[in-house]
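These notes are about the structure you will find just below.
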Amino acid sequence: MSDPFDDFPGYEPAAPRAGGIAARALAQVHGAPDFLSALNPEQRAAVETTEGPVLVLAGAGTGKTRVLTARIAHILAQGLARPHQILAVTFTNKAAREMKARIAALIGDGEGMGWLGTFHAISTKILRRHAELAGLKSNFTILDTDDQMRLLKQVIKAENIDEKRWTARTLAYLIDNWKNRGLAPKNVPAGEAAAFANGRGGELYALYQERLKILNAADFGDLLLEALRVLRENPDVLREYQQRFKYILVDEYQDTNAVQYLWLRLLAQRTDPAIKPNLCCVGDDDQSIYGWRGADVDNILRFEKDFPGAKVVRLERNYRSTGHILATAAHLIAHNRDRLGKTLFTDGEDGEKPEVSGVWDSEEEARVVGEEIEQLQHKGHSLDEVAILVRASFQMREFEERFITLGLPYKVIGGPRFYERLEIRDALAYLRCTAQPADDLAFERIVNTPKRGLGDASLQILHDFARLQHIPLMQAARILVETEEVKPKQRSTLRALLKDFERWAGEIGQKPHHELAEQILEESGYTDFWKQEKSVEAEGRLENLKELVRSMEEFPDLGSFLEHVSLVMDVDNADGGERVSIMTLHGAKGLEFESVFLPGWEEGLFPHQRSLDENGRAGLEEERRLAYVGVTRARRRAKIYFATNRRIHGLWQTTTPSRFLDDLPADHVLVTESRGSGSGYGAYAQSRFANIDSFGSRYDTPGWKRAQAHGAKGAQDSGGRGPLTIEGEVLGKTSPGGSFAPGDRVFHLKFGPGSVAGVDGSKLTIDFDKAGRKLVLDSFVEQKSS
DNA sequence: CTTTTCATCTTTTTT
DNA sequence: AGATGAAAAG
């Protein structure tokens, strides 16, 4: 079956025999299989050099994916390995999906490739299998950015740190960076750890990690970091995987960051150091556009040193674009200094020259692009072959608005994602609470949604208690419901809610999980909540909820559905008809279109100011690579636009054309003077000089340095500590167990002074001087000395 | 406890 | 400009 773990226990290095799939692939060909004969000599070398390390430098449009898939097909057809012995790593789910599909096309069956997926998906798989080694249970939840942020906020608040000055966002950024570099809390360089919250950054990181373990949760960074840790600290586990993966393939190698690199190197290592790993990395240094996420181009530049004797194959024959487009892209990227240098060529025709047009503002930009696309449409071009590639997602809206009025069908790729919608996240929180009762973040999200009267005050009591006892919220609630700490009304609603969850949890596995989901949404009152809402949106939201339940049917059980949701945040839009694609340049990597529109080539937006500010020349070069990626997406038509005016943060600003326009070869591009646009095209020449300041002055200013600057002038708040946490601290020390006896004088923060009337385990019956007799928990009262 | 108002911040890119 | 989040009013 396709379960990759099935054959784990009794695993032996398989004899190179042809398994079912491979045998079929072999049987259908004589001599060179057609997936080999279709390759050019370089591609073929990359495919057929199966043994030892191979680096494929694949320029844009040179058949990179084809090489990867053919290589896998070849390995299988030769009987060198079985599908589950091949580790194939991609960066995006899209790429993984496509690779699976293409392998299936070559070989007739894409199943069995259990280890083809994103770094994150594969790490998750490993981590689930050995969760205990990472301090987790195998059903751990994967937190998305939103959950992560909320958790960080809690940690910051709990430590009495001014959350205005030291935001969760900044901390998230720091922690992410550390994780990307493979640094656990104890490994973070002291200087960096000190840069947040007056030296408490490292401490907060450690606390956050601790909280994650209590919640039985991992964030995105953890998936890789913890998987790496498991492999590092458990040689036997590592060996298992090293033996299993006879062949390793990596897509987009230029985008690997430090953890990913370490992770890969560990898995690729052979037990016998004399044996070279069968590792094939495919990448293009000119398309490295994830530096901001910790990607290190050096990984690709260093490959031959890391893996001595590596064979390097260069793919320079471009099959995608026409001559003019290729020449334009080549001339553009040639302005970068840090590159290996490749010369792409094509035998194809020159085709149309790419066009550069200036427009008055972003509105005109959208209008002009809309018109151009309509013209293409009239000439019989398919809208599926048209894409608009923007630098930042806020640019999308104007195009959408314009296209709606034109009635031009479009799809936004990587836009607001299905699983990120409010109602979907709420619904998921219900499911998560049911499946994973320790999931505090999910619980918090829905305790009071729909409104139940369980507000901040009640939640705070739960929180304090849970924190004190180091238990999940739900468990805390279960205990507190037995006492009178929480007001009677909220106590009974809370009790009812807990009962609901218990009932639902009992139904897991008893009935189809999509039916259970529907039942949960119904019984919790969540669907009614939206039905009563009379806004226009409510209907759409209910529709989305239905869609959610429907989509669950495709998964075998609740667990695998939740997993899918957290790793694959987007959902396949079942296509109805041709549509123009609108997406970011980052999202466009790996895709190609007949016609590509590239709006917004203005200084500050593209290259983005922030990239320049934070990373200086390196930032600029990355932006230029992004431009290169954009241009090389086009097969036959590329149109570039720059607007003279653009609205930024709500106010109109005059902009300068992008310096990248200077980098284009005059004899390969067509410059169109837009009617109505006041700015002459020549105006952009000034940009060079206008921006020297921001360009050259601050080369290496990572975010934490800025944070440090803040720290220098910011006096820390030692004054305003919240009373609640004081209570927590004091109580934590004063009540280690139940040393109360009837007659003791005690003090309760809410009910005031009183005397103990009875003791039952941790529950105390107390006659309060003012509030009368109450049943409370010992952790909430303080013993009075006199 | 909920609803309203006011202020702040945002807009780089993603698993 | 718009969304989100905290303080203030009901």
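So that the names make sense, note that chain A is the first sequence line, chain B the second, and so on, each numbered from 1. Here the structure is a predicted model, which is why all the values come from computation and not from measurement.
- Remark: the backbone N or O of Q490(A) is paired with a side-chain donor or acceptor of T493(A) at under 3.5 angstrom.
- Judged as a salt bridge (charged side-chain N to carboxylate O under 4.0 Å, His left out), and not counting sequence neighbours, the contacts of R625(A) are E622(A).
- We find that E602(A) and R646(A) are joined by a salt bridge, their nearest charged nitrogen and carboxylate oxygen being less than 4.0 Å apart.
- When DNA chain C is scanned in the 5' to 3' direction for atoms under 4.0 Å from non-hydrogen atoms of chain A, the outermost contacting nucleotides are dA1(C) to dG2(C).
- Contacts of D144(A) with the nucleic acid, taken as non-hydrogen atoms under 4.0 Å apart, are absent.
- Side-chain contact between I142(A) and T124(A) is present, with at least one heavy-atom pair separated by less than 4.5 Å.
- Salt bridge status for R391(A) with E623(A): present, with a side-chain N to carboxylate O gap under 4.0 Å.
- The pair R150(A)-D147(A) counts as a salt bridge, with a side-chain nitrogen and a carboxylate oxygen less than 4.0 angstrom apart.
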ask   = Pairing of DNA chain B as dot-bracket, 5' to 3': ( ) intra-strand, [ ] crossing, | other strand, . unpaired, with Watson-Crick or G-U pairs under 3.5 Å?
value = ||||||||||.....
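- dA6(C) and dT11(B) are spaced 22 Å apart, taking the C1' atom of each and rounding to whole Å.
- E252(A) pairs by the salt bridge (charged side-chain N to carboxylate O under 4.0 Å, His left out) definition with K64(A), K589(A), not counting sequence neighbours.
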inquiry  = Within the 4.0 Å limit for protein heavy atoms, which parts of nucleotides 8-15 of chain B are touched? Write it as a string from 5' to 3', B for base, S for sugar-phosphate only, - for none.
reply    = --BBBBBB
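- Judged purely by atom type and a 3.5 angstrom limit, Q254(A) uses its side chain to pair as donor or acceptor with the backbone of D284(A).
- Under 4.0 Å is where a charged nitrogen must lie from a carboxylate oxygen, and between D338(A) and R617(A) at least one such pair does.
- Residue pairs satisfying the salt bridge (charged side-chain N to carboxylate O under 4.0 Å, His left out) criterion with at least one member in residues 444-462 of chain A, sequence neighbours excluded, are listed as follows: D146(A)-R445(A), D426(A)-R445(A).
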